[in-house]
Undergrad: 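Sharing a structure with you now.
Every chain is numbered from 1 and lettered A, B, ... according to where its sequence line falls, protein lines coming before strand lines.
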2 protein chains.
Amino acid sequence: MSSLLVDNIGELVTNLAGGGEGGPLGIRRRAALLVEAGEVAWVGPARDAPAADRRIDAEGAAVLPGFVDSHAHLVFAGDRAAEFAARMAGQPYTGGGIRTTVGATRAATDDELRVTVRRLRGEALRQGTTTIEIKSGYGLTVADEARSLRIAAEVTPETTFLGAHVVPTEYADRPDDYVGLVCGPMLAAAAPHARWIDVFCERGAFDIDHARAILACGQAVGLGVRVHANQLGPGPGVQLGVELGAASVDHCTHLSDADLDALASTRMDWTSGTETTTVATLLPGAEFSTRSPYPDARRLLDAGVTVALATDCNPGSSYTSSMPFCVALAVREMRMTPAEAVWAATAGGARALRRDDVGVLRPGARADLIILDAPSHLHLAYRPGVPLIRQVLHNGVPQCRP
Amino acid sequence: MSSLLVDNIGELVTNLAGGGEGGPLGIRRRAALLVEAGEVAWVGPARDAPAADRRIDAEGAAVLPGFVDSHAHLVFAGDRAAEFAARMAGQPYTGGGIRTTVGATRAATDDELRVTVRRLRGEALRQGTTTIEIKSGYGLTVADEARSLRIAAEVTPETTFLGAHVVPTEYADRPDDYVGLVCGPMLAAAAPHARWIDVFCERGAFDIDHARAILACGQAVGLGVRVHANQLGPGPGVQLGVELGAASVDHCTHLSDADLDALASTRMDWTSGTETTTVATLLPGAEFSTRSPYPDARRLLDAGVTVALATDCNPGSSYTSSMPFCVALAVREMRMTPAEAVWAATAGGARALRRDDVGVLRPGARADLIILDAPSHLHLAYRPGVPLIRQVLHNGVPQCRP
C-alpha cells in the first residue's frame, strides 16, 4: 500500500496526554500525519513532513481521530416516527415501544435488515464515525438474535449480544424461562458472532439477579461485559457493571453517590498493563429524543470517572447517528467543555470498547481520522447541526466526500 | 427551459391548507410535481403525472418546499469560537461580543467578506435553505454597511439594513449622533442594496425612541420593517414592530400578554389582499448556543400568532446554518409539533418575508424544494443532527448532492 501524507493541518487532535498543548486532546498546531498500510506511520510538524506517494492538503483545518460510537442498535426493521411524534405531544417514554420494533424485525428478511444496517453504517461513516459498536436485541429468539449479530458482524468487529433487551411478549408471564433461553441456546447461537454481552438492567426490563446471571453466562464464554444502566431511574445496574468489570455502563442518567464512587474506583492497572476501567457512556441523544433530563457529566468528570459519548442510535428513543450532534448536546446540556466532549466521543469511546488502536492518532494506531470543514474542534459544538465533516479516512482510505 | 418531473414522491408537503390531508402541511401521498421555467407547473397524483424531458425518482421519499431562513447575519469576518467556549464554561451572553466582529469585519477586504458569505450561503443551500435573508450590521460605518449589503445582494434579494445592530464603540458616549448617522448618510448609502430595515431593540442596544426613529426613516424610503425584539428580556420591541406594521419581530423570547395580544391582532387583510400579519420569528439556535431559556412557541401558536423559525446564523450567538437543526430544537424545546415546525421553517419564513412564491408548492410557485433521505417530514425532528437532505432544487435546478 502506498503512503499518504495529510499535510497542512491547522489543529491536530492526537488525544495523547502530554503530546502537545495542555488539556486532554494533545493538540499540535501546523502538523502533518503520514499514513502507511492503514496505520498512522508518523506525526509531526508540517515543516518536517516526510515524502509520500500521495498528499491531502487539509488547508489549515482541524484533524481529529474518527469518532468511536460505542453504543448503537442498528439491526432492526420499521421506524417509530409516529411514536416519536406522540411522545413530543406529551406521551412519556417507558421503553415499551421496543416490542414494536421486535415484531417488525422478526418479520424482516435478512436482506432487509442488511440494507438498513449498511445504510446507517454509511450514514454514520459520512459523519465521521470510523468505529461503531452494534447490538442485537430486536430479535429475541435464538434465530433472530443470531442472524442480527451475523449481519452486524459484516460491518463491525464490535458486536454485542443484547438478547436481554426486554422480555418478549411471549415470555411476559415467565421471565425466568426467558433468562434461561438467553443464557442457554440463545447465547450459544449468538456468541460466535459477538464480542460483548449487554443487559438492559432497568425496571420493566431485567432486575439485578437476572442481569447478573446473564452477564456471568456471557463472561463464561469469553464475552466482555457492558450494561444499560440507570437510564430511566436509580437502580443497581452501574454497581453491577463495576462488580463484573464491565468495560462500560451506558446511560448513567440517575446516579447515586455510591454509583459515582464505584465508577471512580475503577482504573487502568499500570502494573499489569490491563485496562480495568469501567467507563460511563453518556447517550444525550436519548434524553433529547425522549425529552428527559440529561445526565450530569460534570459530576462524573469532577469525580474522576472516565466518560464516553455515544449515539444510542435506535428507532425508538434516539434515532440519530450523529456524533457531532452528541458533542454539541454534551456541551450545551451536560456542562462538558468542547475538549472534554471531543475526547469522550473519540478516546472515551475507544476506552469503552477497550481498544487502544483507535480514538488516538499516534504511530501504530489505525489511520481513522476526520478532516473538518473548520479550523478547530471547538466548531463541533460552536456550529451545532452543521455537517462539518469534510473528509473521512477509514483504515487510511479516503472515503467519498459526503 | 426543459421540463422536469419529480416523480414517486411518498409524502409531498405543499403547505396548502385544504390541499391534502388535514393539518397545516397540505400533505399529498404518492404524488408527482412538474417543473418548468423554474416554477412549479403541476402537482398531482403520481399516476396522472404528465410527460417531461427529464425525471427525478424520489423513490418514495418526502418532498418539502425549500426552507426559508428569514433571519441570518452572514456578512462578517473572524469567528468567536473562544467566546463560545468561555460562555459554555459559565460566562453570560450580553451581545457585547458583536463589537469584536465589527472590528474584524471593518478590517476585511470585500473579497474576504464575499468568500464567507458564499461559503455560508452554499452550506445553507446544501442543508435545504433555498431562500435566505441576510443582514448587514457588522460594518456600522457608511461605507462598511453599504458594502455589506452590496455583497449580500449578490446572493439574495432579501437583504436587510441593520446599521442599528449596536452603537459602535466610537459613538459609545453619543448614541444620538449615531442614530442621526444611521438615518442620514448610512441609510442613503444602504437603501439601494436593501429590501428591509431592522433594529436591535434591546437594553444595551437601541431604546424604543431610537428604534422608532430609525425604522420610520427606513419606511420613508420604501424599506420594509423587521425588529430584533424581546430577546434578552422584556421590552417594547414587539409592540413597536406591530405598531409599524413590521413583517416580522424576531426572537420573542420574553413576551408579555400584551405583546401576545398585539401579535395576535395582526392578520391578512382579505378585502385588499394585503398581508399585514406581523410574524413572530423564533430563533432557537440562539438559545441553544447562549444556553438561555427558549421562547414558548406553544403559547404563541395557541394565541393564533403566525410563527416562523430561522437560524439567526451569526458568529456570536448562533453559528448554525441548519434549518433542520432548528426544526428539531423547536419540537424538543418549544413544544411545536413536527408539522408546525416544518410549516414555520418554510411557509412561516415566507410569511415573515411577505413572499407568496416560496415556502409553498403549488403551480406558479418557485420550484424550490427538498427531497429528503426519509419517508416523512417527521424525520427532521425524529432524526436530529443527521444530514437528511438528499437533493435540493433551487429555481428548478437540481443542486449537487451534498
Undergrad: Would you mind telling me which of Met88(A), Met323(A), Arg291(A) has the largest number of heavy-atom pairs within less than 4.5 Å of chain B?
TA: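 It is Arg291(A).
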Undergrad: Give, as side chain, backbone, both or neither, the part of Ala89(B) having an atom under 4.5 angstrom from any heavy atom of chain A.
TA: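 For Ala89(B), neither part sits under 4.5 Å from chain A.
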Undergrad: Do the non-hydrogen side-chain atoms of Ser321(B) and Arg383(A) ever get within less than 4.5 Å of each other?
TA: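 When only atoms from C-beta onward are counted, Arg383(A) and Ser321(B) do touch, with a gap below 4.5 Å.
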Undergrad: Quick check for you: among Glu123(A), Arg87(A), Arg119(A), which has the greatest number of heavy-atom pairs under 4.5 Å with chain B?
TA: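 Of Glu123(A), Arg87(A), Arg119(A), Glu123(A) has the most heavy-atom pairs under 4.5 Å with chain B.
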Undergrad: With chain B as the partner, which of Ala381(A), Pro338(A), Ser289(A) has the greatest number of non-hydrogen pairs under 4.5 Å?
TA: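 Answer, by heavy-atom pair count under 4.5 Å with chain B: Ala381(A).
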Undergrad: Quick check on Ala339(A) against chain B: is it the side chain, the backbone, both or neither that has a heavy atom closer than 4.5 Å?
TA: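 Contact with chain B is absent: no heavy atom of Ala339(A) under 4.5 Å.
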Undergrad: If you count heavy atoms of other groups shown closer than 6.0 angstrom to CZ of Arg29(B), is the number above 12?
TA: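 Counting neighbours around CZ of Arg29(B), more than 12 heavy atoms of other residues, nucleotides or ligands fall under 6.0 Å, so yes.
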Undergrad: Please report the closest heavy-atom contact between Gly385(A) and Gln127(B), naming both atoms and the distance.
TA: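 Looking at all heavy atoms of both residues, the closest pair is O-OE1, 3.5 Å.
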Undergrad: Do you know which of Ser376(B), Pro315(B), Pro324(B) has the most heavy-atom pairs under 4.5 Å to chain A?
TA: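 Among the listed options, the one with the most contacts to chain A is Pro315(B).
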Undergrad: Please list all pairs meeting salt bridge (charged side-chain N to carboxylate O under 4.0 Å, His left out) that have one or both residues in residues 316-341 of chain A, counting only residues at least two apart or in different chains.
TA: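 Salt bridge (charged side-chain N to carboxylate O under 4.0 Å, His left out) check on residues 316-341 of chain A returns Arg298(A)-Glu340(A).
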Undergrad: Identify the heavy atoms of Leu378(A) and Ala81(B) that sit nearest to each other, and give their distance.
TA: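 Heavy atoms only, the tightest pair is CD1-CB, 3.8 Å.
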Undergrad: Within the 4.5 Å heavy-atom criterion, are Pro384(B) and Leu329(A) side-chain neighbours or not?
TA: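 Pro384(B) does not reach Leu329(A) side chain to side chain.
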Undergrad: What part of Tyr382(A) is in contact with chain B, defined as an atom under 4.5 angstrom from a non-hydrogen atom: side chain, backbone, both or neither?
TA: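 Looking at Tyr382(A), backbone and side chain both touch chain B.
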Undergrad: Going by the rule salt bridge (charged side-chain N to carboxylate O under 4.0 Å, His left out), which residues pair with Glu112(B) if we only count those two or more places apart in sequence or in a different chain?
TA: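 Glu112(B) satisfies salt bridge (charged side-chain N to carboxylate O under 4.0 Å, His left out) with no residue once adjacent residues are dropped.
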Undergrad: If I measure from the heavy atoms of chain A, does Phe325(B) come under 4.5 Å with its side chain, its backbone, both, or neither?
TA: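 Contact with chain A: side chain only.
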Undergrad: Measuring heavy-atom distances to chain A, does Ala328(B) have an atom under 4.5 Å in its side chain, in its backbone, in both, or in neither?
TA: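 When you check distances to chain A, atoms from both the backbone and side chain of Ala328(B) fall under 4.5 Å.
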